[in-house]
Amino acid sequence: MAQISAKSSKLALLQLGGLTSSKSNNIKIAQKFIRDAIEGNDNNDKKLDLIVLPEIWNSPYSVNSFREYSEFIPSIGTKINEPSSKEGETVKAMREMAKENKIWLIGGSIPQKDEKTDEIYNTCTVYDPEGTLVAIHQKVHLFDIDIPGKQTFKESDTLTGGKSLTTFETPFGKIGLGICYDIRFPEMAQIAARQGCVAMIYPAAFNTTTGPMHWTLLQRARAVDNQIYVAMCSPARHPEAVYQAYGHSMVVNPLGDVLTEASHEPTIIYADIDVDLLNTTRRNLPVTIQRRFDVYPNVAEKFL
Ligand SMILES: NC(=O)CCC(=O)C(=O)O
């Protein structure tokens, strides 16, 4: 997998602020941030290729809200001019935002209702610049933690975990998706890298307890281990929210350098995905071709 042939690209992470319990208000906020991200890049030499939204941005991040705010998501390949009667207002708005702005949109995540099983998932959808839905990732590892007196959360009270890994092709390389807690499971990024991804992108919402502990460390670890770009996009902190998001949206390069980091305020950050740097890193430190699968053949089989 060592060298990758793809165009370099530019991405923007939208650290949305002012989100409320009104879904339509939250959609308006996302629309405004997208316009601002494009305008903010207007005088720059490099065109903006890809925009990322945060985790669960159309709903409060609370196990009691996920079902109420959930939407049906149509199947991959659904185009802007063939809207599914079943799709919800957030999906429709994201398809339109991608098409109107001629941009790749990684739509953060929203609660998804499965039409057949009635189960609810924490789901990321991706749209190409024509507004076609090109990828769907259901959060695989649910955020169930208990740090007494500090942070307790149990997504599995109302959510079901996804059962597959997700990558998608773009003109600027293959990209892998995870959602927030998924970053704690290194296998996902490792598999994506071995499948030829240039980046792992995680819509996320860490909190004020685990954010300072591990947010940066995890991104730098996934980036260095796999020699890929890693980005996490969070909502801004909101003083009135029950769950205080950490903010600090960030992009890390394949050397493990933090390229850009937000504070906890609403903001937009930009970064270049430089495929030459990725290839140089892999050439200089050739760990991607030095693996010893004769010594550690199949880790999963060994421990299951
Ligand atoms: N929304 C999430 O999955 C939060 C994950 C998190 O905070 C962590 O520490 O992991």
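No experiment lies behind these values; they were computed from the predicted model shown. Every number for a ligand or one of its atoms is a count from 1 in the order of the listing.
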**Student:** Once you restrict to heavy atoms under 4.0 Å, what part of Met213 touches ligand 1? Side chain, backbone, both or neither.
**Tutor:**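 It is neither part, as no heavy atom is under 4.0 Å.
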
**Student:** Under a 4.0 Å heavy-atom limit, does His214 contact ligand 1 with its side chain, its backbone, both, or neither?
**Tutor:**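 The answer is neither.
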
**Student:** Is Glu39 salt-bridged to Arg35, going by a charged N under 4.0 Å from an acidic O?
**Tutor:**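 No salt bridge links Glu39 with Arg35.
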
**Student:** Under 4.0 Å, heavy atoms only, figure out whether ligand 1 is touched by the backbone of Phe153, its side chain, both or neither.
**Tutor:**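 It is neither part, as no heavy atom is under 4.0 Å.
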
**Student:** Does Thr166 reach the side chain of Ile136, with side-chain heavy atoms less than 4.5 Å apart?
**Tutor:**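 The answer is no; the side chains never approach within 4.5 Å.
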
**Student:** Quick one: look at Tyr243 and ligand 1, take heavy-atom pairs under 4.0 Å, and tell me if it's side chain, backbone, both or neither.
**Tutor:**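 Near ligand 1, Tyr243 shows its side chain, while the N, CA, C and O stay back.
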
**Student:** Would you mind checking if Lys79 and Glu130 are paired as a salt bridge, meaning a charged N to carboxylate O distance below 4.0 Å?
**Tutor:**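 Salt bridge: no.
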
**Student:** Give the residue and atom name of whichever protein heavy atom lies nearest to atom 10 (O) of ligand 1, and the separation in Å to one decimal.
**Tutor:**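 Result: Arg184 NE, 2.6 Å.
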
**Student:** Is there a nitrogen or oxygen of Asn207 sitting under 3.5 Å from a nitrogen or oxygen of ligand 1?
**Tutor:**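 Among all N and O atoms of Asn207, at least one is under 3.5 Å from an N or O of ligand 1.
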
**Student:** Starting from atom 4 (C) of ligand 1, what is the nearest protein heavy atom, named by residue and atom, and what distance separates them?
**Tutor:**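 Atom 4 (C) of ligand 1 sits closest to the protein heavy atom Cys180 SG, 3.1 Å.
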
**Student:** Which residue, Asp42, Asn101, Ile38, forms the side chain to side chain contact (heavy atoms under 4.5 Å, CB included) with Leu48?
**Tutor:**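 For Leu48, the side chain to side chain contact (heavy atoms under 4.5 Å, CB included) check succeeds only for Ile38.
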
**Student:** Could you tell me, atom by atom, which parts of ligand 1 come under 4.0 Å of a heavy atom of Thr210?
**Tutor:**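 Counting atoms of ligand 1 from 1, those under 4.0 Å from Thr210 are 6 (C), 7 (O), 8 (C), 9 (O).
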
**Student:** Please determine if Asp272 and Lys46 form a salt bridge, counting it only when a charged side-chain N lies under 4.0 Å from a carboxylate O.
**Tutor:**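 Counted as a salt bridge, because a side-chain N and a carboxylate O are separated by less than 4.0 Å.
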
**Student:** Just need the protein heavy atom nearest to atom 3 (O) of ligand 1, so name the residue and atom and give the distance.
**Tutor:**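 The closest one turns out to be Lys139 NZ, 2.7 Å.
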
**Student:** Quick one: look at Gln151 and ligand 1, take heavy-atom pairs under 4.0 Å, and tell me if it's side chain, backbone, both or neither.
**Tutor:**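 It is neither part, as no heavy atom is under 4.0 Å.
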
**Student:** Between Phe153 and Tyr61, is the ring centroid distance below 6.0 Å?
**Tutor:**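 Under 6.0 Å, so yes.
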
**Student:** In terms of side-chain heavy atoms, does Asn41 have a donor or acceptor partner in Tyr270 at a distance below 3.5 Å?
**Tutor:**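 On atom types as modelled, these side chains do not qualify, holding no pair under 3.5 Å.
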
**Student:** Need the ligand 1 atom indices (1-based, order shown) with element for anything under 4.0 Å from a heavy-atom of Glu55.
**Tutor:**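 Under 4.0 Å from Glu55, ligand 1 has these atoms: 1 (N), 2 (C).
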
**Student:** Check whether the ring centres of His141 and Tyr181 lie less than 6.0 Å apart, and answer yes or no.
**Tutor:**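 His141 vs Tyr181: aromatic centres not under 6.0 Å.
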
**Student:** Taking only heavy atoms of Ala205 into account, list the atoms of ligand 1 that are under 4.0 Å away from them.
**Tutor:**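 Going through ligand 1 atom by atom, the ones under 4.0 Å from Ala205 are 1 (N), 2 (C), 4 (C).
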
**Student:** Can Arg184 and Asp182 be counted as an ion pair, charged N to O under 4.0 angstrom?
**Tutor:**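 Looking at Arg184 and Asp182, the cut-off is not met.
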
**Student:** Say whether Tyr61 and ligand 1 are in contact under the criterion: heavy-atom distance to a ligand atom below 4.0 Å.
**Tutor:**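 Yes; Tyr61 lies near enough to ligand 1 that a heavy-atom distance drops under 4.0 Å.
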
